Every structure is written in C-alpha cells, then in structure tokens.
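Below is one structure; the comments refer to it alone.
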Amino acid sequence: MRETPYYRIEERLLRNNLALIRRTANEAGVEFILAFKAFALWKTFFIFRDYIAHTTASSPNEARLAFEEFGSKAHTYSPAYEDKDFDTIMRCSSHITFNSLQQFEHFYPRIVENGKLISCGLRINPQYSEIETTLYNPCAPGSRFGILAEQLPDQLPEGVEGFHCHNHCESSAAALVHTLEHIEARFGKWLPAIKWLNLGGGHLLTRKDYDVRLLIDTLKSFKARYPQLHLILEPGSAFAWQTGDLFASVVDIVENDGIKTAILNVSFTCHMPDCLEMPYWPAIRGAETLEPPQAAGREREPLVYRLGGNSCLSGDFMGYWRFEQPLQIGDTIRFSDMIHYTTVKTNMFNGIPHPSLVLLRENGEEELLRRFGYEDYRDRMD
C-alpha cells in the first residue's frame with residue numbers, strides 16, 4: 001500500500017469529464033479552455049491535449065506553463081500587469097484581457113510594437129452574480145474586478161477585440177442564462193463590435209445535476225444573435241470534478257471534554273484550504289458528514305470524530321464525521337473530490353510535508369508523478 005499522504009487523480013474519471021466537455025463544446029459551437037487557477041498538474045497535460053487546445057493564465061508563471069508545458073499560448077487575464085513581466089506575458093499569450101482601461105492604454109502600445117499578434121480584451125463587470133459566498137463573488141459591490149458599462153466610451157478603443165466576464169462559481173446553467181441577460185442589457189451595444197466573448201469559469205457542467213442541454217441551447221441561442229462572436233468558457237473545477245481523492249492516515253486520537261479528534265498526517269490549512277475558506281465539509285469514504293446544525297448534540301457519540309491537521313494552527317481542524325467503526329491509529333482517511341482547488345493552493349506552512357501526486361492510469365497501475373521532500377520546503381526560502 002502506498003505511503004500516505006498523497007493525492008490520487010484517476011485517468012478514467014478525468015477522461016470522462018473531458019469527453020463531456022468536448023461534446024458540449026462541439027455541439028454548442030464554443031470553446032472550452034482549462035483554468036490553471038483550479039488545476040495545474042502539468043504531468044497530466046498529455047491527457048488534456050486529446051480534448052482541448054488552450055488554457056487560461058493569470059500570472060507570468062501560469063502563462064509560461066501554458067506555453068512551455070501545455071504547448072499553446074494562453075488566454076491571459078490579470079487584475080494588474082507589471083511592466084517587468086509584460087514581455088513574458090506577450091511571449092506566452094494569444095489573448096490578453098485587461099482589468100481596466102488604464103491598464104489597456106498603458107500596455108497596448110507595447111503590443112503594437114510587438115507586432116500586434118495578440119488579441120486584446122477588456123474584463124467587464126455585469127454587476128450581477130448568483131454566488132452567495134462573498135469571498136468568491138467577483139461582482140460584489142465595490143469589486144476590484146472589471147469595467148462597469150458606464151465607464152466604457154460609446155466607441156471601444158482601437159485594439160479592443162473582446163470582452164471577458166467572470167461571475168460564476170460552481171454555478172448552474174440557469175445562472176448563465178441570467179448572466180447573459182445582464183450582459184446584453186448593460187453591454188449589448190458593444191457586442192456587435194467585438195470578435196470574442198469569454199464567459200469565464202464556474203460552469204460546473206460535469207456535476208451530475210447540471211443541465212447540459214440548457215447550457216448548449218443557451219449558448220447556441222446567444223451565438224445566433226451575435227454570429228461573429230467566438231464564445232469561450234474557462235471552467236477549472238468542471239475538468240477535475242470528482243476525479244480523485246486525498247489519502248491520509250490517523251496518527252493519534254485525542255479527547256477533550258468528551259470530544260474525540262483524530263490527528264492526521266495532512267493539514268486542512270496546508271492541503272485543503274478551501275475547506276476552511278468557504279467553508280465546506282468534505283466527504284470522506286466510509287463516514288457520514290455531520291454539518292451544522294446536524295452535528296448539534298452528537299459531538300460525543302461513540303463513532304463521531306473531529307479531524308485535526310498536523311500543523312500548530314489552532315484552527316486546523318474540522319468536524320464532525322460519524323464513522324462506521326471506531327477509528328484506530330494507522331487507519332486510512334480518504335477525502336473525496338480533492339483534486340481541483342487543492343493541489344494548486346497547497347502550502348508548506350509549519351514545514352508540513354506535502355502530499356505526493358499520483359496518477360491512477362486506466363489500466364489500474366499507479367504512476368507517481370511527484371514526491372516532495374525537505375529540499376522543496378528549504379528551497380522556497382533559498
């Protein structure tokens with residue numbers, strides 16, 4: 001049995017998601033691209049290249065990853081570009097989206113000098129989103145993201161060829177219907193003047209209850225109204241949704257005031273930060289998740305445990321789960337759906353060892369993609 005901790009992504013499940021995304025893109029006549037902010041395991045890019053052609057980046061490093069490892073130039077967006085990085089951004093990008101008119105006006109002359117081989121766009125803010133968690137809502141009042149309709153001139157600046165809008169997070173197809181209504185209402189007069197519209201991420205079409213037919217019909221209807229537009233969607237979670245797990249082990253079990261906490265060899269703050277940020281309670285194989293208020297009054301039941309990370313942060317724990325039998329030191333804990341927005345957000349706070357990266361191939365063999373050691377921690381400060 002492989003030594004814990006490790007993330008394991010399953011090739012079969014990943015290809016199932018990619019096949020659905022490709023079929024959807026083909027039927028709707030749009031393009032789906034991979035957002036690195038949710039998934040960037042570059043040793044699996046050979047699988048992705050069978051289904052998609054491009055990726056999206058939000059930093060010089062992500063742009064380089066697209067160009068040098070994925071093999072195609074990135075669709076790049078950043079809240080703000082710096083002069084020292086922009087040559088790298090241009091070298092590695094086919095599309096560059098600007099968050100403000102000021103940034104566009106500052107950098108567009110450099111793109112012209114570079115031969116104008118890059119398609120430029122502006123991020124727009126439709127002032128509408130159905131995201132309930134403010135932390136993940138890019139259109140909340142006072143947002144730093146995007147240009148409001150009243151801030152745009154009647155005629156777009158020379159060189160602006162596209163719009164980029166992002167206001168979804170694991171959202172439904174119905175949310176996209178409403179978003180397009182707001183885009184048309186606020187930005188409709190400019191839509192005939194652009195070549196492409198990037199609808200951002202958060203389209204969770206690989207979730208079982210997602211209405212893929214509504215998504216396809218909505219996109220086809222929108223394209224019928226604006227036939228010159230190339231529509232782009234850049235989900236991250238949808239690609240890696242339910243494709244792999246995080247495996248950990250119970251190192252100790254402590255009890256305080258009748259509450260039992262299993263201490264693991266992984267950390268929520270280091271390896272599952274979204275669980276604490278969102279927050280949400282991850283599913284665990286062989287255990288019932290007890291979210292509040294469901295857990296009230298059950299904290300001290302014999303089979304109910306909190307799970308604690310192995311860092312010194314007091315808040316590095318979550319709970320509660322009811323297991324099928326009492327936990328023992330050495331037991332394996334398997335956190336479900338731990339590939340998207342985990343591997344990209346991990347850190348080495350407290351020097352906590354990073355879980356290995358494993359690919360379960362379609363033939364059933366496990367391939368170790370990466371093992372992390374002391375040198376990885378040390379060299380971050382080198």
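Here the structure is a predicted model, which is why all the values come from computation and not from measurement. Throughout, residue positions are numbered sequentially from 1 according to the sequence presented.
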In terms of ring plane angle, is the pair [X] and [Y] parallel, tilted or perpendicular, where the classes change at 30° and 60°?
| X | Y | answer |
| --- | --- | --- |
| F45 | F36 | parallel |
| F372 | H354 | tilted |
| H182 | Y128 | parallel |
| F107 | F98 | parallel |

What I want to find out is whether [X] reaches [Y] closely enough, with some N-O distance under 4.0 Å, to be called a salt bridge.
| X | Y | value |
| --- | --- | --- |
| R64 | D85 | no |
| R298 | E301 | yes |
| D209 | R207 | yes |
| R380 | D376 | no |
| K73 | E68 | no |
| R12 | E362 | no |
| R361 | E366 | no |
| R334 | D245 | yes |
| E62 | K37 | no |
| R15 | D50 | yes |
| E324 | R285 | no |

For the residue pair [X] and [Y], confirm or rule out a side-chain donor-acceptor distance under 3.5 Å.
| X | Y | answer |
| --- | --- | --- |
| N265 | T4 | yes |
| K116 | Y108 | yes |
| T243 | E10 | no |
| D316 | T269 | no |
| Y226 | E184 | yes |
| W321 | T289 | yes |
| Y51 | N17 | no |
| D83 | H106 | yes |
| N99 | Y77 | yes |
| H75 | T55 | no |

Say whether, by atom type as modelled, one donor and one acceptor occur between the side chain of [X] and the main chain of [Y] under 3.5 angstrom.
| X | Y | result |
| --- | --- | --- |
| K260 | Y305 | no |
| T133 | L135 | no |
| T179 | A175 | yes |
| Q151 | L148 | yes |
| R300 | D257 | yes |
| D211 | L214 | yes |
| N350 | I352 | no |
| W190 | A149 | no |
| Q127 | P141 | no |
| T218 | V177 | no |

*Report the C-alpha separation of W196 and H95 in whole Å, then their side-chain angles, then the decisive distance to 0.1 Å, and conclude whether the ring pair (Phe, Tyr, Trp, His ring centres under 6.0 Å) test is met.*
CA-CA 10 Å; W196 52 266; H95 296 65; 5.3 Å; yes
_Can you confirm whether M338 sits close enough to C275 that some side-chain heavy atom of one is under 4.5 Å from a side-chain heavy atom of the other?_
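Yes; the side chains approach each other to less than 4.5 Å.
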*Is there a chain of hydrophobic side chains (I, L, V, M, F, W, Y, each step under 4.5 Å between heavy atoms) that links L327 to F268?*
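Cluster IDs for L327 and F268 match.
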*Could R123 and F163 be counted as a cation-pi pair, given that NZ or CZ must be under 6.0 Å from the ring centre and within 45° of the axis?*
no
*Any cation-pi pair here, R306 with F317, using under 6.0 Å and within 45°?*
yes
*Are more than 12 heavy atoms from other residues, nucleotides or ligands located less than 6.0 Å from atom NZ of K223?*
yes
*asked:* Rounded to the nearest 0.5 Å, what separates atom OG1 in T44 from atom CG in L359?
replied: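 It is 7.5 Å, given to the nearest 0.5 Å.
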*asked:* Using the ring centroid of each side chain, check whether H340 and F39 are separated by less than 6.0 Å.
replied: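 No; F39 has its ring centre 6.0 Å or more from that of H340.
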*Carefully, step by step, assess R22 and E31 under the rule salt bridge (charged side-chain N to carboxylate O under 4.0 Å, His left out).*
CA-CA 9 Å; R22 182 175 61 183; E31 182 178 14; over 6 Å; no
